[in-house]
Amino acid sequence: MSVQAIQRLRRHVSGDSHELAALRRWLRSELDYAPELIQVAAEQALAEAAGNAIKHTHSGEPGGSYEVIVTCYPAFLRGLVIDEGPKAPVPAPTPATADPMDEHGRGFCIIDAFCEHWEFIPRPSGSLTWFELVWEKSAPRPAKPLSLTG
């Protein structure tokens with residue numbers, strides 16, 4: 001794919017944590033045209049969002065799954081993970097509270113470190129985590145999709 005085209009990648013993933021390595025490989029192979037830093041950041045952010053879906057939502061239960069959508073613009077990438085909804089009420093994420101040496105609770109801190117913008121939107125029917133990576137800072141950014149706000 002050319003960096004001038006818009007590409008939408010979509011994948012339905014089993015909620016098994018063993019699938020995370022395959023998800024990383026899939027994204028890296030699809031982004032082979034992007035700058036290396038974007039490939040690494042997108043892979044890491046997606047793995048953290050997917051890991052949160054597996055650990056904290058019904059997606060990680062037997063038979064559970066989640067959906068991944070990655071849209072690549074000429075100078076911009078937006079990733080989205082849609083899970084099957086939280087197991088329990090979910091507080092708003094606070095990325096600044098996790099210690100870098102903690103073994104758990106750093107997912108949103110990692111996403112925050114790699115991405116220019118991100119948001120976690122808890123919904124009973126399926127939570128959304130989206131993130132954005134920009135590799136050309138001067139490029140205009142598309143508006144946040146309306147489907148993420150409703």
Would Glu43 and Arg25 count as a side-chain contact (heavy atoms from CB on, under 4.5 Å) here? Give the steps.
CA-CA 8 Å; Glu43 179 185 339; Arg25 284 190 303 274; over 6 Å; no
Chi angles and distances behind the side-chain contact (heavy atoms from CB on, under 4.5 Å) call for Glu116, Phe131:
CA-CA 8 Å; Glu116 280 77 15; Phe131 58 88; over 6 Å; no
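Leu20 and Ala50 make their closest contact through CD2-CB, 3.6 Å (heavy atoms, listed as atom of the first residue, atom of the second, distance). Between Lys87 and Thr57, the shortest heavy-atom contact is CE-O, 3.1 Å. Shown here for Ala53 and Val81, the closest heavy-atom pair between the two residues is CB-CG1, 4.1 Å.
Not one N or O on the side chain of Glu119 forms a donor-acceptor pair closer than 3.5 Å with the backbone of Thr129. Using a distance-only test at 3.5 Å, with no hydrogens or angles considered, a donor-acceptor pair links the side chain of Asp83 to the main chain of Ser127. Checked by atom type and distance alone, the side chain of Ser59 never pairs as donor or acceptor with a backbone atom of Ile54 at under 3.5 Å. A donor-acceptor pair under 3.5 Å is formed between the side chain of His58 and the backbone N or O of Pro86.
A distance of 12.5 Å separates SG in Cys109 from CZ in Phe114, rounded to the nearest 0.5 Å. In this structure, CG in Leu77 is found 9.0 Å from CD in Glu132, a value given to the nearest 0.5 Å. For the atom pair Ile69 CD1 and Arg8 CZ, the distance stands at 6.0 Å (nearest 0.5 Å). Atom CZ of Arg123 and atom CD of Glu84 lie 13.0 Å apart (nearest 0.5 Å). Leu80 CG to Leu9 CG: the interatomic distance, rounded to the nearest 0.5 Å, is 12.0 Å. Distance check: Leu31 CG to Cys72 SG gives 5.0 Å after rounding to the nearest 0.5 Å.
Between Glu67 and Arg10 there is a salt bridge, with a side-chain nitrogen of the basic residue lying less than 4.0 Å from a carboxylate oxygen of the acidic one. Salt-bridge formation is not detected for the pair Lys55/Glu48: no Lys NZ or Arg NE/NH1/NH2 atom is positioned less than 4.0 Å from an Asp or Glu carboxylate oxygen.
Checking Arg78 against Thr71 by side-chain atom types alone, no donor-acceptor pair falls below 3.5 Å. Defined by atom type and a distance below 3.5 Å, a donor-acceptor pair is missing between the side-chain atoms of Tyr66 and Glu19.
Following chains of ILVMFWY side-chain contacts shorter than 4.5 Å, one cannot reach Val40 starting from Val70, and the two form parts of different hydrophobic clusters. A continuous path of ILVMFWY side-chain contacts below 4.5 Å connects Ile82 to Ile121, so both sit in one hydrophobic cluster. Taken together through direct or relayed side-chain contacts under 4.5 Å among Ile, Leu, Val, Met, Phe, Trp and Tyr, Tyr33 and Ile38 form part of one hydrophobic cluster.
Taking 4.5 Å as the limit, some side-chain heavy atom of Leu23 sits within range of a side-chain heavy atom of Arg11.
No more than 12 heavy atoms of other residues, nucleotides or ligands lie within 6.0 Å of NE2 in His18, so this atom counts as exposed by the packing criterion.
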